[in-house]
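Working notes, beginning with the structure itself.
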Amino acid sequence: MKVRLKLFDLDIPFFLPVWRRVLAVTIPALWGVFEFSSGAALWGVIFWGMAGIAAWKFWTADWSAVAAMDKDT
C-alpha cells in the first residue's frame, strides 16, 4: 500500500460520493457570504478561496483512480 502525504489532499475515497464534494465546496462558500454580510471581508475572501481551491481539486481529480485505490485497500 502506497502512503500519500499531501497538505491539501482531497482526492481520497471519503469524497467519492458527489454529495460530499458538493457540501465541501458549498459550506465554505456560504460561510464566506456570511462573513461578507457581517462586514469581515478578509474572512470572506479566505473562505471563498478555500471553496475555490476545493472546487478546483475536486474538478481535476481522477476519481476512477481513487475508486480503484479504495478497492485495493
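Here F47 contributes atom CZ and L42 contributes atom CG; the two are 10.5 Å apart, rounded to the nearest 0.5 Å. To the nearest 0.5 Å, the span separating CH2 on W63 from OG1 on T60 amounts to 9.0 Å. Atom-to-atom distance recorded for M50:CE and I27:CD1 is 10.5 Å, nearest 0.5 angstrom.
Cluster membership for V25 and I12, using ILVMFWY side-chain heavy atoms within less than 4.5 angstrom, is shared. Transitive grouping of hydrophobic side chains (ILVMFWY, heavy atoms separated by less than 4.5 Å) brings I53 and F14 into a common cluster.
Of all non-hydrogen atoms in P17 and P13, the two that sit nearest each other are CD-O, 4.3 Å. What you find for A51 and A29 is that their closest heavy atoms are CB-N, 3.8 Å. Counting all heavy atoms, side chain and backbone alike, A61 lies closest to D11 at CB-CB, 3.7 Å. Residues L16 and V66 share a closest heavy-atom pair of CD2-CG1, 3.9 Å.
The main-chain N or O of W43 is never found under 3.5 Å from a side-chain atom of W31 such that the two would form a donor-acceptor pair. Proximity of a side-chain donor or acceptor of R21 to a complementary backbone N or O of F15 within less than 3.5 Å is detected.
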